[in-house]
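See structure below.
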Amino acid sequence: MAAINHSQPVTATDRIRSILADYVPVAAGWLSEEGGSFRDPYETEYSENYAPANAAVLFAAVYRTTEDASVLRLFHTAVRRSVELLGDKAGVAPFCRVFLIHYSLMAMLLLEDEEREEAVRRYGPFLAGYEDDCAIVNTNCAALQWGTELFLDTLGIREASLPHLSRRLAFIEQAQLESGFINDEVNEREVLDGMPIPYHAFTLFLLAGPFALLPDWKSRHERERVAAELLMSRGLDWLEQAISADGTFAMVERSSHQTFTWGAFVALYAGSGLEDEGLLDRAVAAWLPYRHADGTYGCTPNVLPHSLRTGYESYTHLNMYNLLGLTGLAVAARLLERGLRFRTAHELPAANRYVDAASGYAFYRRGDAFFACTLRMHNRRYTPALQGFQFRLGGRALPLAEPRLPGGAADSARRLDEGVWEGYLLRRADGGAAYPDTTRNAAVSATEDEDGFTLVLEDAHVRCTKAIRLLADGFAWDYRLELLQPIVSCEHVLPLVVHDGRHALHVREDSPQRLTLAWAGDRYALECDAAVRMGMRLERSLLSPSGVAAQLRIELTVPSEAAGAVCDGSSGGNEPLAVIAWRTTLRRLP
């Protein structure tokens, strides 16, 4: 396969080509001897899905640079299998077939000249007559269908339907907020407050595909090109707020930190016009630490066994998501080869504070320090309101697990006890609990501070003023709770990653108010002067993509005015029964 010439400077394009070439034996090893299927080695439910089409992209990208005949044969095996699956409308779900045709065509476009023409001769007649029977089930579905129409036209398989193109692009335009964020949880019947950041990036990546692969835009598609560029420019403006100095971007909600987000971000950065020195190289390298001995990558950013499904969505599979991530790298390589940029060159600001109430997120950057937070809880209930995530200090992650609750189907007790989250937890005498669970924008306000954000939430139980602040050597969480209902206990919950497959968290209890943590070669002091005690729960969770996680619970004193009130009483009006205030800090030690 293609080897990097180390006598010359290694470019991002070189590195991407090497990553792709190294994966060919892995993908080839998933081929069954009978029928050429690409089944997942760990799963039986929808084990194959759209993996053959993304394998075809991998093989086409590698053949493009190596001209290895064995890789070209693998390409044909993968496309042939994709065509078989497209023909099985009774057995293959419509949305899966949207992926299969889109990426099969993308793979064909990655070939050149005779090989491309041969692929069109072999598969074009079937693809020309294929009828897409999938409704627009979400925004990325519309983007896939839009790109497919352009790919078919460019390959000369059939002419694109202008009404089809226009409708799909209009659907994406309507899903884009004024801020530029694209909400994926939109279908032909309703708009949901899902706001998954990974799919904002994925939809932008799908819009980028035709820019990377079309040799040129036909005049009849000029409106599509201009409208798509505007969508992408606005969407990239939003995504810039979420980028941290380590070459990753902040995300929560559905499919957060899955492998495909790596490839999507590398492709978007490659064509974004951002000129920050070294960030592209860091983005390319971001997932390399999660490479397993067999050449596969963790579907989430850890090196725990694939079969544990740590941080997975139910639909996450190794074959699908590894190959989808590498598809992003293949598109990135093509953008870099062609020198294409979606926007005018500019740099990320060294310091930035950004609040977007419509999407429900806020982002803070100062140099190589970064964090993000939710304003409200979104409809899938994966993260509480006022939830911090993507904490970075000195460009490195801290031992704080990326948040994830069991989701909307779980009852409140399960979310609180099994979830990976940060926030206050109040218990009532009747056994009920209160935590930051509002889904209403009106209940939350956010103020930009020099060193972070001050967030205010008021509900029937509490008026919470919370500040997340950057310190010189760590982060602080400042809480002031004005209790509007009586409680029997108050705790501050922090999510810690205890093992990522390579590093284990070591904890030493120095006092009831201080723990010393050792993680990945660094030491940290976790302190809360107001704590009665602090301790790690014995339960472990696989919900977080960071790895195995546990809750740290910090117990705080409940004032007698709140604890002694009648259980079904209240403060009367807006006057609090009592106030609880504290500061929790996590500092990296010298």
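Computed over heavy atoms, backbone and side chain alike; hydrogens, waters and symmetry mates excluded. Predicted, not measured: the structure shown is a model, and the values here were computed from it.
- Checked against side-chain hydrogen bond (donor to acceptor under 3.5 Å, both in side chains), R404 has no partners two or more places apart in sequence or in another chain.
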| request: Go through the steps for T259 and Y290 under the test side-chain contact (heavy atoms from CB on, under 4.5 Å), then give the verdict. | output: CA-CA 10 Å; T259 330; Y290 312 120; over 6 Å; no

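- In the model, T584 has no side-chain atom that pairs as donor or acceptor with a side-chain atom of E527 under 3.5 Å.
- Evaluation of the salt bridge (charged side-chain N to carboxylate O under 4.0 Å, His left out) test over residues 319-336, restricted to residues two or more places apart or in two chains, returns R334-E337.
- Ion pairing between a basic and an acidic side chain is recognised when a charged N comes within 4.0 Å of a carboxylate O; R380 and E185 show such pairing.
- The aromatic ring centres of Y435 and W421 sit less than 6.0 Å apart.
- With a 6.0 Å radius and a threshold of 12 heavy atoms from other residues, nucleotides or ligands, E190 has its CD atom above the threshold.
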| task | Could you walk me through whether R343 and D237 pass the salt bridge (Lys or Arg N to Asp or Glu O under 4.0 Å) test, one step at a time? | result | CA-CA 10 Å; R343 299 179 302 166; D237 284 346; 2.6 Å; yes

Below 3.5 Å, can you tabulate the donor-acceptor pairs from side chains in residues 370-377 to any protein atom, sequence neighbours excluded?
from: T374; atom 1: OG1; to: P384; atom 2: O; distance (Å): 2.8
from: T374; atom 1: OG1; to: L386; atom 2: N; distance (Å): 3.3
from: T374; atom 1: OG1; to: Q387; atom 2: N; distance (Å): 2.9
from: R376; atom 1: NE; to: D193; atom 2: OD2; distance (Å): 2.8
from: R376; atom 1: NH1; to: A357; atom 2: O; distance (Å): 2.8
from: R376; atom 1: NH1; to: N441; atom 2: OD1; distance (Å): 2.7
from: R376; atom 1: NH2; to: D193; atom 2: OD1; distance (Å): 2.8
from: R376; atom 1: NH2; to: A358; atom 2: O; distance (Å): 2.7

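- Two residues are said to be in side-chain contact when any heavy atoms from C-beta on lie closer than 4.5 Å; L505 and L517 meet this criterion.
- A salt bridge is absent between D246 and R282: the closest approach of a Lys/Arg side-chain nitrogen to an acidic carboxylate oxygen does not fall below 4.0 angstrom.
- Taking 4.0 Å as the cut-off between side-chain N and carboxylate O, R469 and D478 count as a salt-bridged pair.
- R502 meets the side chain to side chain contact (heavy atoms under 4.5 Å, CB included) test with P289, V303, D500; sequence neighbours excluded.
- A donor-acceptor pair under 3.5 Å links the side-chain atoms of W262 to the main chain of A283, judged by distance alone.
- A salt bridge does not link D473 with R588: every distance from a Lys NZ or Arg NE/NH1/NH2 to an Asp or Glu carboxylate oxygen is 4.0 Å or more.
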| query | Are R366 and E450 close enough, and set up right, to give a salt bridge (Lys or Arg N to Asp or Glu O under 4.0 Å), and what steps lead you there? | reply | CA-CA 10 Å; R366 183 188 293 173; E450 179 63 28; 3.6 Å; yes

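- Between D459 and R440 there is no salt bridge, since none of the side-chain N atoms of the basic residue sits less than 4.0 Å from a carboxylate O of the acidic one.
- A salt bridge between R234 and E229 is absent, with no side-chain N of the basic residue lying under 4.0 Å from a carboxylate O of the acidic one.
- Residues forming a side-chain hydrogen bond (donor to acceptor under 3.5 Å, both in side chains) with N183 (at least two apart in sequence, or on another chain): none.
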Show every donor-acceptor pair shorter than 3.5 Å between a side-chain atom in residues 320-330 and any protein atom, with sequence neighbours excluded, or say none if there are none.
from: N322; atom 1: OD1; to: Y23; atom 2: OH; distance (Å): 2.7
from: N322; atom 1: OD1; to: Y297; atom 2: N; distance (Å): 2.9
from: N322; atom 1: ND2; to: Y297; atom 2: O; distance (Å): 3.0
from: T327; atom 1: OG1; to: N54; atom 2: ND2; distance (Å): 2.8
from: T327; atom 1: OG1; to: L323; atom 2: O; distance (Å): 2.9

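- With rounding to the nearest 0.5 angstrom, the CG atom of L169 is 4.5 Å from the CD atom of E173.
- The shortest distance between side-chain heavy atoms of E422 and H492 falls below 4.5 Å.
- Around atom CD of E539, more than 12 heavy atoms belonging to other residues, nucleotides or ligands sit under 6.0 Å away.
- Residues passing the side chain to side chain contact (heavy atoms under 4.5 Å, CB included) test with T465 are T454, V456, R480, sequence neighbours excluded.
- For the side chain to side chain contact (heavy atoms under 4.5 Å, CB included) test, residues two or more places apart in sequence or in another chain that qualify with Q145 are V98, D132, C134, I136, C141, H164, R168.
- Listed by first and then second residue, the side chain to side chain donor-acceptor pair (under 3.5 Å) pairs involving residues 347-363 are S179-D356, W238-D356, Q241-N352, D356-S359 (not counting sequence neighbours).
- The side-chain hydrogen bond (donor to acceptor under 3.5 Å, both in side chains) search around T261 returns none, not counting sequence neighbours.
- Here the CG atom belonging to L470 is positioned 7.0 Å from the CG atom belonging to L393, to the nearest 0.5 angstrom.
- Side chains of E458 and T438: a donor-acceptor N/O pair is absent below 3.5 angstrom, by distance only.
- Legend: side chain to side chain donor-acceptor pair (under 3.5 Å) pairs involving residues 194-213, not counting sequence neighbours, sorted by first then second residue: Y199-S255.
- For Y103 and Y50, the ring centers sit 6.0 Å or farther from each other.
- Using a 3.5 Å distance cut-off with no hydrogens or angles, the side chains of T296 and H306 do pair a donor with an acceptor.
- In this view, D368 satisfies the side-chain hydrogen bond (donor to acceptor under 3.5 Å, both in side chains) rule with no residue, not counting sequence neighbours.
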